[in-house]
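Worksheet: one structure, shown below.
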Amino acid sequence: MEVMQKIRLIIILALFVSLQAACHRNRTAALEGRPVINSERLKNGQVMYMRYCESCHPGGLAGLGPGILGTPSFLKRFQVRHGLGTMPAFKKETLPKKDLDDIILYLKAVKKASK
Amino acid sequence: MKTLNYALLLAALCSTSCYSFRGSKGGGQTTAAATRQASADDILLPAGYQIEIVAEGLNYPTALTTDDNGGLYVTEAGYVYGDVFTTPRLLRLNNSQPEVIYSGDKNGPWTGVTYHDGSFYISEGGQTAGGKMLKVTRDGKASVLLDSLPGMGDHHTNNPVIWKDHLYFGQGTATNSGVVGPDNADFGWLKRFPTFHDLPCEDIVLAGVNFESNNHLGTGKANTGAYLPFNTASRPGQTIKGCIPCSGAILRIPLRGGKTEVVAWGLRNPYGLALDRTRNKLYVAENGADDRGSRPIFGAPDVLWEVKEGAWYGWPDYVAGLSLKDHKGFKAPGSAPLKPLLLKEPGEVPKPVAKLGVHSSSNGTDFSTSDQFGFKGEAFVAQFGDMAPNVGKVWKPVGFKVVRVDPETGVVTNFAINKGKHDGPASWHRARGLERPVSVTFSADGKSLYVVDFGIMLMRDGQVLPQPNTGVIWKISKKS
């Protein structure tokens, strides 16, 4: 197998394993006003998440797609750029690196708030 | 060998976790008993808010309005998906039995009601005789303000809003994405109206894309083009004349009577029309396309739009402001790539105010007007919840709650949800909370939010099974 192909497969496996391990999250955080959006980067992350992700992963939880709060950040990035399975990919032209960084930061805050 | 091992492991994992191999797990796909016992105890709200039951046992309630004295009036649909017909009614809620103000004809669903200057204005969906706007006096005398609206298809004539001496309303499309097909036979209307199809508000030029399906009106195969009757093919460059009334539009008529005008078009099912009194603007919650029929679309969110006069919102060639031509991700798994149906785009498509859950069925909408209730200037949206698997597959139930949306940022936040690990209707949770919120209305003083909860609608073996007399009216207010 080509090296790239191997990396791809390993990532796919890691994604599925991370899905299996996704633990249940407390759904009350948003109702309680958490996470607190207290920086420009978090604010941008939240707005970008709403624009590009929320409709399929509402609040980071399962909807059309699976819950993603338990997925490690590097896998999140890979999934967003490559769109494995039925999820559409988001290339740099649509979602610049800075905005994806902020989405990841926002999701970390959501995860922390919902523990 | 190694490749094979990987592949086997992948297949094993996939069988439980990847989208393509999973079964759908929608909120109506439950084996729970179809009886209802509602209780506020199973609902979660932000701190400082409370919810109570105002009325129960209603038969498919859809909308609520208040009169000058704070009296509460509710419409019952009279038609429900699953092709179930009952009597549409306008009820006044009293402490004891609701009082029937007016019973309508077998032409539901009644989708909305608003009170203005001593009368009720009701949108009649039009499943058998076309959509209508009715005016009903307090003592139950009805007159027809407008009829012959194209509401016989998948989507209907939607809730009225009175603004600037006009009655504004949304008119849904006949089809999912422009083409009459097998899904419309399933809905039940194709046999009733074999030549019914979508109607553009202005002249359009077709690309000539046609879709083959089984012939549900005869034998063999059918070949159908956009904006044409079932089994009528289109030609490239063919012009379809615009007309009024049209489908997939916001329309208005002067309150004093007069011609119907187009406010905006190119929408799919503009269900939740709402006036934001803070900004003095109109908004609408639109139900996005489904993964069904001859031209299925994957991953189309519901959208909150600002209604801009004269704008074309892109249906059937755009989803949430994105063109299907440029965004390949909307192709449904296992179906052909999506081709534009129109040769020329009638206008520039606006950007959504907010995107809401795919298949959430984001319906009735209202804006908070008071600091006493809180979130002034935010939109509250009732999410009826998914009708999976008929609309497409979902990982988990979507919707079945009330969310609020900040129109400035597009941020969507839960407002009223059921307790439990996931979103889902009370029946799915085997609990007593929200089932299918279909609309929300603030009281005139802005201090309370009424939630109209349609009741139980199950999805079993491809069948839509609404359960009669399971509707509830909830009231949310600040704790004193």
Side-chain angles (χ1 to χ4, degrees), chain A residues 1-2 5-6 8-34 37 43-59 61-68 83-91 93-94 106 114, chain B residues 2-3 6-7 9-10 12-14 16-20 22 25 44-47 49 288 298-303 320 327-330 332-333 352 354-360 386 388 392-399 403 405 409-423:
Chain A
M1 237 187 331
E2 293 293 319
Q5 243 181 316
K6 254 189 203 161
R8 227 180 132 81
L9 254 180
I10 288 166
I11 298 236
I12 294 175
L13 287 175
L15 274 170
F16 292 135
V17 171
S18 81
L19 256 188
Q20 303 300 307
C23 46
H24 288 305
R25 304 280 158 193
N26 177 348
R27 288 163 66 238
T28 60
L31 291 179
E32 292 156 5
R34 289 180 298 129
I37 306 298
K43 199 169 151 188
N44 183 52
Q46 184 181 43
V47 169
M48 291 299 140
Y49 186 82
M50 294 293 154
R51 189 171 302 167
Y52 294 111
C53 321
E54 165 78 12
S55 61
C56 296
H57 307 284
L61 304 172
L64 179 81
I68 56 173
L84 300 179
T86 44
M87 177 174 139
F90 297 82
K91 298 293 176 204
E93 304 81 73
T94 319
Y106 170 69
S114 59
Chain B
K2 255 204 185 137
T3 321
Y6 276 129
L9 186 54
L10 188 62
L13 288 165
C14 246
T16 54
S17 56
C18 80
Y19 184 90
S20 310
R22 279 171 69 97
K25 295 195 174 161
L44 293 169
L45 299 162
Y49 288 86
F298 171 79
D302 287 357
V303 173
H327 295 82
K328 310 286 180 215
F330 291 119
K355 294 184 190 170
L356 299 147
V358 176
H359 304 316
S360 59
D386 71 74
K393 221 193 279 188
V394 294
W395 206 281
K396 286 281 179 202
V398 183
V403 298
V405 182
T409 59
V411 172
V412 182
T413 310
N414 284 341
F415 183 72
I417 62 174
N418 283 328
K419 287 180 181 169
K421 287 174 182 163
H422 292 285
D423 286 336

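Every chain is numbered from 1 and lettered A, B, ... according to where its sequence line falls, protein lines coming before strand lines.
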Task: Contacting moiety of B/Lys328, where chain A heavy atoms sit under 4.5 Å - done: neither
Open item on the list: Please give me the minimum heavy-atom distance between B/Lys355 and A/Glu54, naming the atom from each residue.
Closed with: O-CG, 4.4 Å
TODO: Could you check which of A/Cys56, A/Pro88, A/Ser55, A/Gly33 has the highest count of heavy-atom pairs closer than 4.5 Å to chain B?
DONE: A/Ser55
Task: Spatial distance of atom OG1 (A/Thr28) from atom CG (B/Leu44) [nearest 0.5 Å] - done: 7.0 Å
TODO: Report the distance from atom CZ of A/Arg27 to atom CG of B/Asn414, rounding to the nearest 0.5 Å.
DONE: 7.0 Å
TODO: Against chain A, label B/Val394 side chain, backbone, both or neither, depending on which of its atoms sit under 4.5 Å from a heavy atom there.
DONE: both
Task: Within 6.0 Å of NZ in B/Lys393, more than 12 heavy atoms from elsewhere - done: yes
Task: Pairs of heavy atoms under 4.5 Å with chain A: top-ranked of B/Asp386, B/Val411, B/Val398 - done: B/Val411
Task: Rounded distance [0.5 Å steps], OG1 in B/Thr409 versus NZ in A/Lys43 - done: 8.5 Å
- [ ] Check each atom of B/Phe298 against the heavy atoms of chain A and say whether the ones under 4.5 Å are side chain, backbone, both or neither.
- [x] side chain
Task: Reported OG1-to-CE distance for the pair B/Thr413 and A/Met50, which is rounded to 0.5 angstrom - done: 6.0 Å
Open item on the list: Could you measure the distance from the CG atom of A/Leu64 to the NZ atom of B/Lys396? Nearest 0.5 Å is fine.
Closed with: 13.5 Å
- [ ] Please flag which part of B/Lys419 lies under 4.5 Å from any non-hydrogen atom of chain A: side chain, backbone, both or neither.
- [x] backbone
TODO: Considering only heavy atoms and a distance below 4.5 Å, find which of A/Gly65, A/Gly85, A/Ala89 pairs most often with chain B.
DONE: A/Gly65
Task: Contact origin within B/Asp302 toward chain A - heavy atom pairs under 4.5 Å - done: neither
